[in-house]
Amino acid sequence: MRIDFQGIETKWKSAWEKTGVYRVSHEDARPKYYVLDMFPYPSGSGLHVGHPLGYIASDIISRYKRMSGFNVLHPMGFDAFGLPAEQYAIQTNVHPAISTENNIRHYKEQLSNIGFSYDWSREVRTCDPGFYKWTQWIFLQLFEHYYDLDQNKAIPLSVLIAHFEVSGTTGISAATSQENLFSAEAWRSISPKEKDDILMNYRLAYRKISYVNWCEALGTVLANDEVKEGFSERGGYPVERRAMIQWSLRISAYAERLLNDLNNLDWTDSMKAMQSNWIGRSEGAQLDFSVNGSDLAIRIFTTRPDTIYGATFMVLAPEHPLVDQITTWDQQKMIQQYKDFVKTRSERDRLAATKQMTGAFTGAYATNPFTGQHIQIWIADYVLMDYGTGAIMAVPGDDARDLAFANKFNLPVVEVIDRPAGGEIGDKSGKMINSGSLNGLNVPEAIPKILNEIEQRKLGTRLVQYKMRDAIYSRQRYWGEPIPIEYDTDGVAHAIDINDLPLILPDLDDFKPGGNASPLARLTEWVNTPGGQRRDTDTMPGYAGSSWYFLRYMDPWNNDRFAGEEEVNYWRDVDLYIGGTEHAVGHLMYARFWHKFLHDKGLVPTAEPFRRLVNQGMIQGVIEYVFMYKERTSGHPKFLCAKLVMTKSDDQLVRIAIPVTFVENYGSQDSYLTTAGIEKLIAWRPEYAHAFFECSQGTYHLGKMIEGEATDFKLYTQSEIGKMGKRFHNVVDPNDIVAQHGADCFRMYEMFLGPLEQAKPWDTRNIDGVSRFLKKFWSLFHDEDDKFEITDAAPTREELRILHQTIKRVRDDIERFSLNTCISHFMMATNDLKKLNCQKRMILEPLVLLIAPFAPFISEELWEEFGHPSSVHLEFYPEYDASLAAEDVILYPVCINGKKRAEASFDVNADHKHMESEVLKMDTMQKWLDGQTIKKIVIVPGRMINIVI
RNA sequence: GCCGAAGUGGCGGAACUGGUAGACGCGCUGGACUCAAAAUCCAGUGUCUGCAAAGAUGUGCGGGUUCGAGUCCCGCCUUCGGUACCA
């Protein structure tokens, strides 16, 4: 028997498309359920087998929810702006719009073969002007708002301006880049440019000179989360610090809310931990140290005010604005030299030389407000300008870095904590010493005491500091959303008129990055507007479109609003979001931030966009390679079979990754090359034409390695190695698997690989098991001649038990997201029914429905054969569940002192008492007990009955 | 270093609130069908002892709680992921 899965798939794909079964509307009485996939970036290499893992899981949930009576929104789209398309354009001169379009077509074709139930009428593309009109619009809203710290929300900038007009900065508490106090008179008297500069300190989207991550190779700046260990995440190019004027988003204003609201989310602990580490809240105090012989003061932030008696010197970041003012004339040369030295050090050098302390003395002294001692002021690059205040009080007695610095430069060290045995520096344990009024207190007692003292003496204030910095928003690249801002002749930034949105990305034929400026800067006729203004030439970063795309799906064709009010209020938020962990701090943080901003404006009903988040693990590719002798005795290359490698030493051989499409049994323990495979290899690399293959028992076996363990490929970054990619010629096209085994098999196989969240290597061995299962399942409904054969006979108790147990298990599994065990349960049921030779409608019909989320094609086909109106949708009948569950009978093992003695059956709905009496009634019980006294009867509902004697 | 997750057969992995550890699948062994192979079906398969019945042992290591621990508690070890001069 064979299942004609290709025929079935073609038939149902077109049926679905024709009837538009997966279209949904917000005008629906059913409760909504929104299942979202992280939309892909359409790369040139197409979808590989790792991509659909999460999509399959989300499709199963969507179908399941749809069958359980929910109105399910399950859309798909493309994150289509970005660097790779542009890099490709630079190399090939193909316009990014064209290559993107082609790639999307390929992706959609691949996706359609897997049987997803997307509502394609809602497809979005971030590079589509109809879409980025609203990306630009949201950006302008951010530009026109500031963050009010009293009301704890975003407020229109016009309110702030009105306040300035009347009372200056008095009574304003707002998130700002730079504290700057002025009166209403002062405000009214300054120029528009000066006003603009001040307002920039408040806007949620603002321009500012900041130290940025400049990537020379990519010709653009990058956000912190796009930089990994001093290299760009995309491409792995070196990144350096550079001061530039850039757009940023004031995400830091939302730090506290982004942190607190994590509590209400159904996300994994590790995901929440990553976000909360990135936000990096720390409590402490901010206080001023006065500089001796001047009226200047240096503001510092510390989390350990209790150690202030041990502050024996101060350190400023080399870029700190006060450095030049306080440096004494005799130290100027030293300080300048050190500043120059720091500039030449790349981010990478700094990270590499972590333990090496460097610095220079300014010649100036400050006064420790508690000890009254005069302490030296140094500069050093271990103090960062953009964290805290860019200055610290150094306590070598209880801070490892300060101690290392003090040791290197012979600065005084005062112990302030008497640590218990085994106590380590900085671990907040022990009693205070040498600390005036704090002496004898434990650290946790000393902190509040000193804070009170600091506030009473008006030396400073308590302060909560966040590590999270504002997100740099400008990119000096072409393929992105243009920033809808114009500058007048004074350089004042103006939002372009809302009615002029979208600001279309102009055409270009030279995409090369141009030094510090975007390629758009070369289009002078575009840059200079008819109104005499100059356009901003930067574009938005990759995360712009993805920060709100999930809202656009709710109403993708709306031209008057980012999404209609009714639609947004119906769909509200994403109930289930599935995607990879790599977006933990980038996309997910920005999306939460934008959503909160829109919520502040009353445009979205919920404070959080993604209620539940599930991270699918990566499918790691297996790299297949041949072993080639380094030395060529005959002049031709010679390859050694993997099974014979043990006899050679490592340095005699070199490993060469080969395309996995040449390989027989790819991914399994004994993959090998057939003659045909060797021919393909030779066609791929003609220089192997006369190669000799040294085989074991007539077969040439291959070596293999799981990506991520690829230590030989150290030159690539982890994220590149971690994903299946072109580099190792091991992209497996889902189309190939679907063609070979069918879409249902591919779907179930990917789920059967293991828990969704776990990373796992692509291993095709188990695919045969799933394929066999589907054949067996199909055979339940068909006779030997493949004729549909079903009886109306009444089911037996045993058959009912199998059905009900399966319904219960499958529903539980899906609710718990345990999709791999769910498939095991289908397999068990099928095996059991096969043994009983059960061909009864009453048993098999519900099973077709149950398996539909996993194997939609086969179930549609079977459902039709059952004579149901061919479906528009498979509807789940809850009656199947309810009516039959009442009769459910489960066998419970009966144990005496932990040893199994017999099995007894019970009604599943029975209560404990009932079960207890049944046990005691049993004849055999007396024999087992042998006259012994029962100490205890333990009844575990649904499990077992344990009798202790 | 800090934060998080996880360690179970030859392999992928089950075991939901403590309750017959190893479900289900792969692989392997034997058998049936076949001239033969493939496919399919049946039986077996943690380890050790034993012909068998059976017994012992077994979820990274060491302790503990419990009638009972893969699961809970304490102390370690290892692997993976994130992050790091963050004051």
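The sequence lines fix the lettering, A, B, ..., with proteins before strands; numbering per chain opens at 1. This is a predicted model, so every value here is computed, not measured.
The two residues A:Y382 and A:I392 come nearest to each other via the heavy atoms OH-CD1, 3.8 Å.
In this structure, the side chains of A:Y387 and A:K467 come closer than 4.5 Å at one or more pairs of heavy atoms. Between A:D768 and A:H741 there is a side-chain heavy-atom pair separated by less than 4.5 Å. The closest side-chain heavy-atom distance from A:M393 to A:I375 is not below 4.5 Å. Using a 4.5 Å cut-off on side-chain heavy atoms (C-beta onward), A:R612 and A:L265 make no contact. Contact annotation: the side chain of A:L774 never approaches that of A:F5 to less than 4.5 Å [non-hydrogen atoms, C-beta and beyond]. A 4.5 Å side-chain heavy-atom check between A:P318 and A:F341 finds every atom pair outside the cut-off.
When the P atom is compared between B:G58 and B:U47, the two are found 16 Å apart, to the nearest whole Å. Spacing of P atoms, B:G55 relative to B:A14, comes out at 31 Å, to the nearest Å. Distance check on atom P: B:C11 versus B:G50 gives 25 Å, rounded to whole Å. The separation of B:U59 from B:G22, taken at their P atoms, amounts to 14 Å, rounded to a whole angstrom. Only the C1' atoms considered, B:G7 is 24 Å distant from B:G68, to the nearest whole Å. With both ends at atom C1', the span from B:C73 to B:C26 equals 38 Å, rounded to whole Å. B:C80 and B:U17 are spaced 28 Å apart, taking the P atom of each and rounding to whole Å. Taking the C1' atom of each, B:G60 and B:A69 are spaced 16 Å apart, rounded to whole Å.
Of the candidates B:A87, B:G82, B:C85, the closest approach to any side-chain atom of A:V383 belongs to B:A87. For A:K467, whose side chain is taken as the heavy atoms from C-beta onward, the closest listed nucleotide among B:A15, B:A87, B:C86 is B:C86. You'll find that the side chain of A:F301 is closest to B:A87, out of B:A87, B:A5, B:A15.
Between A:T389 and A:M271, it is A:M271 whose nearest contact on RNA chain B lies nearer the 5' terminus. Nearest-nucleotide mapping onto RNA chain B: of A:S282 and A:R816, the residue sitting toward the 5' end is A:R816.
The aromatic rings of A:F409 and A:W378 sit tilted relative to each other, their planes meeting at an angle between 30° and 60°.
Side-chain atoms of A:Y338 and A:T358 include a donor-acceptor pair closer than 3.5 Å.
The phosphate of B:G13 (OP1 or OP2) has a side-chain N or O of A:Q758 nearer than 4.0 angstrom. Between A:R401 and B:A84 there is no side-chain N or O to OP1 or OP2 distance below 4.0 Å.
Within a 6.0 Å radius of CZ in A:R462, more than 12 heavy atoms belonging to other residues, nucleotides or ligands are found.
We find that CH2 of A:W267 is positioned 22 Å from P of B:C3, with the value rounded to whole Å. Distance A:Q286 CD to B:C86 P: 19 Å, rounded to the nearest Å. Atom NE2 of A:H583 and atom P of B:G81 are 17 Å apart (whole Å). To the nearest angstrom, P of B:A39 lies 20 Å from CG of A:D786. Rounding to whole angstrom units, NZ of residue A:K834 and P of B:U40 are separated by 13 Å. We find that NZ of A:K272 is positioned 15 Å from C1' of B:C3, with the value rounded to whole Å. If you take CH2 of A:W778 and P of B:A39, they are 22 Å apart, rounded to a whole angstrom. For the pair A:Q275 CD and B:C3 C1', the interatomic distance rounds to 14 Å; values are reported in whole Å.
A:R809 comes within contact range of no nucleotide atom at all, as no heavy-atom separation falls under 4.0 Å. Contact annotation for A:D269: backbone-only contact, meaning every heavy-atom pair under 4.0 Å involves sugar-phosphate atoms and none involves a base.
Glycosidic torsion of B:G9 falls within 90° of 0, placing the base in syn.
Salt bridge status for A:K808 with A:D812: present, with a side-chain N to carboxylate O gap under 4.0 Å.
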In B/S/- notation (B base, S sugar-phosphate only, - none; protein heavy atoms under 4.0 Å), nucleotides 22-30 of chain B written 5' to 3' is -BBBSS---
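Helical stems in RNA chain B, defined as runs of 3 or more consecutive Watson-Crick or G-U wobble pairs with both donor-acceptor distances under 3.5 Å, are listed by first residue as B:1-7 with B:77-83, B:10-12 with B:24-26, B:27-32 with B:40-45, B:46-49 with B:54-57, B:60-64 with B:72-76.
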